[in-house]
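A quick write-up on the structure given underneath.
Just the heavy atoms: all of them, side chains too, but no hydrogens, waters or symmetry mates, feed the values below.
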Amino acid sequence: PVQAVQLDIPAGQRGSVEFAYALTQGISALLLTYIPRWHYKPAWLLILGGSGVASLGVFGLASYTPLFVIGAVLYGTFTGGMFSYMVYHSMIEENKAVRRVAMNETFVGITYLAASPVATLLHKEGASFGPSYLILGIILTVGILAETLYAYNLTHRDMRSFAKVEER
């Protein structure tokens, strides 16, 4: 919103960007329900993460509404899928659901609290937003790669454990 105000983008057009984001977030979460067992395929983390990183690149380059809408659609795809992924894995085992949801919400809260001071460090008033989005893209890339590797190891650990039982 700050970037759009600095670029003198009218309020109605800024609203269309928010609408595109919210609509895409919901639709992407819904469409993913039609892909069998996607929550257990780490490649989806890379696909969704790629959408998130691409959105930051588009936002960093955006100077008019259509580019902001494209960035919003890419970011909505990322967040819709990732929210669905996190909630699914938080609640898959009933006996661990409360702890996992609590941990997830703790991280969300810490992120919200840290976002404003970090944003102030990344972006000085009146400066271009491009470098800020680049830094955020790097942070997101590192996080997505770490999460994908973790999910891959969990997936294959279970397979290796199963194979060892079969050998016995």
Side-chain angles (χ1 to χ4, degrees), residues 1-4 9 11-94 96-116 118-119 122-123 129-130 132-155:
V2 173
Q3 184 179 6
I9 294 175
Q13 291 180 16
R14 292 192 309 259
S16 69
V17 174
E18 293 288 333
F19 177 75
Y21 166 72
L23 184 67
T24 306
Q25 185 180 46
I27 289 173
S28 62
L30 177 65
L31 290 177
L32 283 168
T33 64
Y34 291 99
I35 299 173
R37 301 186 48 80
W38 79 271
H39 295 98
Y40 294 100
K41 298 173 184 170
W44 278 99
L45 295 172
L46 291 176
I47 293 166
L48 295 168
S51 179
V53 171
S55 75
L56 294 173
V58 172
F59 283 136
L61 298 172
S63 58
Y64 58 100
T65 304
L67 277 178
F68 281 106
V69 170
I70 291 168
V73 167
L74 289 167
Y75 198 70
T77 301
F78 165 67
T79 58
M82 293 306 286
F83 290 165
S84 173
Y85 181 84
M86 295 301 175
V87 169
Y88 177 84
H89 284 289
S90 292
M91 299 178 71
I92 192 69
E93 297 175 78
E94 287 182 31
K96 297 178 182 177
V98 172
R99 184 173 143 262
R100 288 177 176 169
V101 170
M103 281 178 42
N104 183 56
E105 293 306 314
T106 299
F107 284 114
V108 168
I110 290 169
T111 303
Y112 277 133
L113 290 173
S116 292
V118 169
L122 291 178
H123 180 75
F129 281 84
S132 301
Y133 285 113
L134 175 64
I135 293 168
L136 291 172
I138 292 167
I139 293 169
L140 182 57
T141 299
V142 169
I144 290 296
L145 290 174
E147 188 173 359
T148 302
L149 287 172
Y150 180 71
Y152 180 83
N153 283 332
L154 284 178
T155 303

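A donor-acceptor pair under 3.5 Å is formed between the side chain of His89 and the backbone N or O of His39. In this structure, the side chain of Ser84 does not engage the main chain of Gly80 through any donor-acceptor pair within 3.5 Å.
For the atom pair CD1 (Ile135) and CG (Leu140), the distance works out to 14.0 Å, reported to the nearest 0.5 Å. Taking CD1 of Ile144 as the reference point, atom CD1 of Ile139 lies at 12.5 Å (rounded to 0.5 Å). Atom-to-atom distance recorded for Glu105:CD and Thr111:OG1 is 10.5 Å, nearest 0.5 angstrom. A distance of 10.5 Å separates OH in Tyr150 from OG1 in Thr155, rounded to the nearest 0.5 Å. To the nearest 0.5 Å, the span separating CG on Leu23 from OG on Ser28 amounts to 9.5 Å.
Atom OH of Tyr21 sits in a crowded spot, with more than 12 heavy atoms from other residues, nucleotides or ligands closer than 6.0 Å. Counting non-hydrogen atoms of neighbouring residues, nucleotides and ligands closer than 6.0 angstrom, the OH atom of Tyr40 exceeds 12 such neighbours.
Gln3 and Tyr133 form a side-chain donor-acceptor contact under 3.5 Å, judged by distance and modelled atom types alone.
Proximity of the aromatic rings of Phe78 and Tyr75 is defined here by a centroid distance below 6.0 angstrom, and this criterion is met.
Taking Glu94 as the reference, nothing meets the salt bridge (Lys or Arg N to Asp or Glu O under 4.0 Å) condition, with sequence neighbours excluded. Applying the side chain to side chain donor-acceptor pair (under 3.5 Å) test to Arg99 and every residue at least two apart in sequence or in another chain returns nothing.
In terms of heavy-atom proximity, Arg14 sits nearest to Ile9 at NH1-O, 2.6 Å. Minimum interatomic distance between Leu32 and Trp38 (heavy atoms only, all atoms of both residues): O-CD1, 3.0 Å. Listed here is the closest heavy atom pair of Ala151 and Leu45: CB-CD1, 3.7 Å. The two residues Ser90 and Val101 have their closest heavy-atom pair at CB-CG2, 3.8 Å. Annotation for Lys41 and Arg37: closest pair CG-O, 3.7 Å, computed over non-hydrogen atoms.
Within the 4.5 Å cutoff, the side chain of Met86 has no heavy atoms near those of the Phe107 side chain.
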Q) Please walk me through it: do Thr33 and Leu30 pass side chain to side chain contact (heavy atoms under 4.5 Å, CB included)? A) CA-CA 5 Å; Thr33 64; Leu30 177 65; 4.3 Å; yes
Q: Check the pair Lys96, Met103 against side chain to side chain contact (heavy atoms under 4.5 Å, CB included), reporting the backbone distance first and the verdict last.
A: CA-CA 11 Å; Lys96 297 178 182 177; Met103 281 178 42; over 6 Å; no
Please set out all donor-acceptor pairs under 3.5 angstrom arising from side-chain atoms of residues 53-74, sequence neighbours excluded.
unit_1 : atom_1 : unit_2 : atom_2 : d
Ser55  : OG     : Gly52  : O      : 2.6
Thr65  : OG1    : Gln13  : OE1    : 2.5

